[in-house]
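Structure record follows, encoded as structure tokens.
What you are looking at is a predicted structure, and each value in this text was computed from that prediction instead of being measured.
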Amino acid sequence: GLSLGAVYGLSADASSARRLAVSVGDDKKLMVWDTVDRVAIARGNVKSPSRCCALDRTNCFIAVGSTAGDVTVYFISDVLQPTHNGGNVRGGNVANVYRLAEVAYRKDGKSEMTCMSFSPANDKLAVGSRDDSIYVYQAQMDVVVAAGAGAQGRQTTHTPRCVLRAMHRLKGHSSTITHLDWSYDGRLLRSTCAAYELLCWDVEAGRLHTVPNALADTVWKTHHCILGFHVMGIWPPYADGTDINGVDVCLEKGIVATANDAGGLLRLLNYPSVVRHAPGKDYTGHSSHITCVRFIRGGERLVTSGGNDG
């Protein structure tokens, strides 16, 4: 990889044809990857070492959570630039160049931000922290498109706008927040922490969801929480809770992928995985622990981030 330190944050475009992935880590670099050509198409510097990132539904905005407790949103601009080497061009002399621009910044906590996720409607951002809290923001993001004349003829400019407004600070966990999932309707949020608690939240009310029986029919947009009935079979014998760093589920193929802490091991199992110590198939590739795993485009691809191997 192109990282000079451990990579902790990973987010991927799960649906559209762009097939993007973004990553952050200890080297204070934000990387945007084309998973088809397997190349970095944009990179930028962030203020502090970072532990999490989230790509929004439009694939235009990236949120980054740092070890300093701040949240920054960046815009991915697709700019047409003249080329001099006849490379990847449009019209013979113009190529795509992707740039990253900071468009929003918040610092509402003093502890490390550990996980984050945009809501399905793209109007909220939930951020888990090492201070045992979840910060929920109202997110207003759009891009103003204008056409005008330029050096290469008529060109289109994109002006991004992003505002984050604090909604709630959700408190109830006993330890660092590790994973987050939104329900499809954006009303509920579930979370896990380092104390192995699985909690569910009423986002609009800003409090714990106190009707557990109502959760049986809840449809979740993502499946990143490592605890719960549907993933109880992913844990190996003698597991102490630190064996699995992350999971993702491909509903189209009925597969759950786990990022293991030991030996750079990636495991694929049937989903739902409800049999104790469920059988699976193991794959290697990383020389260190895997920190995160994400499916792309209906299970067409699987992206992982490594710890000490960058």
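In Asp202, the CG atom is crowded: over 12 heavy atoms of neighbouring residues, nucleotides or ligands sit closer than 6.0 Å. Crowding of Phe229 atom CZ: a count of heavy atoms from other residues, nucleotides or ligands under 6.0 Å not exceeding 12. The number of heavy atoms from other shown groups lying within 6.0 Å of CZ (Arg187) does not exceed 12.
Using a 4.5 Å heavy-atom threshold, the side chains of Phe61 and Val143 count as touching. A 4.5 Å side-chain heavy-atom check between Leu302 and Phe295 finds at least one atom pair inside the cut-off. For the pair Thr67/Arg130, no side-chain contact is recorded, criterion being any heavy-atom separation below 4.5 Å from C-beta on. In this structure, the side chains of Lys47 and Lys107 stay at 4.5 Å or more apart for every pair of heavy atoms. Annotation: side chain of Leu227 is in contact with side chain of Trp235 (closest heavy-atom distance under 4.5 Å). Annotation: side chain of His224 is in contact with side chain of Arg294 (closest heavy-atom distance under 4.5 Å).
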CA sep, side-chain torsions, deciding dist, call: Val211, His209, side chain to side chain contact (heavy atoms under 4.5 Å, CB included): CA-CA 6 Å; Val211 189; His209 188 68; 4.0 Å; yes

Step-by-step side chain to side chain contact (heavy atoms under 4.5 Å, CB included) determination, Tyr196 to Thr242: CA-CA 10 Å; Tyr196 315 118; Thr242 63; 3.7 Å; yes

Evaluation steps, side chain to side chain contact (heavy atoms under 4.5 Å, CB included), between Thr72 and Leu30: CA-CA 11 Å; Thr72 309; Leu30 170 59; over 6 Å; no

Test log, rule side chain to side chain contact (heavy atoms under 4.5 Å, CB included), inputs Val303 and Trp33: CA-CA 10 Å; Val303 182; Trp33 305 89; over 6 Å; no

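Taking both residues in full, the closest heavy atoms of Leu100 and Gly44 are given as CD1-N, 3.6 Å, listed atom of the first, atom of the second, then distance. The heavy-atom pair separating Tyr8 from Cys292 by the smallest distance is O-CB, 4.2 Å.
Checking Ser133 against Arg169 by side-chain atom types alone, a donor-acceptor pair falls below 3.5 Å. Side-chain contact of Asp248 with His223: a donor-acceptor pair under 3.5 Å is absent, judged by distance alone.
Among the candidates Leu189, Asp181, Val249, the single residue satisfying the side-chain contact (heavy atoms from CB on, under 4.5 Å) test with Trp220 is Asp181.
Hydrophobic clustering (ILVMFWY, side-chain heavy atoms < 4.5 Å, transitive): Val73 and Met113 are in one cluster. Both Tyr98 and Val32 are assigned to one and the same hydrophobic cluster, defined by single-linkage of ILVMFWY side chains at heavy-atom distances under 4.5 Å. Trp201 and Leu180 fall within a single hydrophobic cluster, where Ile, Leu, Val, Met, Phe, Trp and Tyr are joined by side-chain heavy atoms under 4.5 Å apart, directly or via other members. Tracing side-chain contacts under 4.5 Å through hydrophobic residues (I, L, V, M, F, W, Y), one reaches Val46 starting from Leu55; they form part of the same cluster. Both Val39 and Ile76 are members of a single hydrophobic cluster when ILVMFWY side chains are connected at heavy-atom separations under 4.5 Å.
The existence of a salt bridge linking Arg43 and Asp27 is excluded, since no basic side-chain nitrogen approaches an acidic carboxylate oxygen closer than 4.0 Å. In summary, Arg267 and Asp282 engage in a salt bridge, as defined by a charged side-chain N under 4.0 Å from a carboxylate O. Ion pairing between Lys110 and Asp70 fails under the 4.0 Å rule for side-chain N and carboxylate O.
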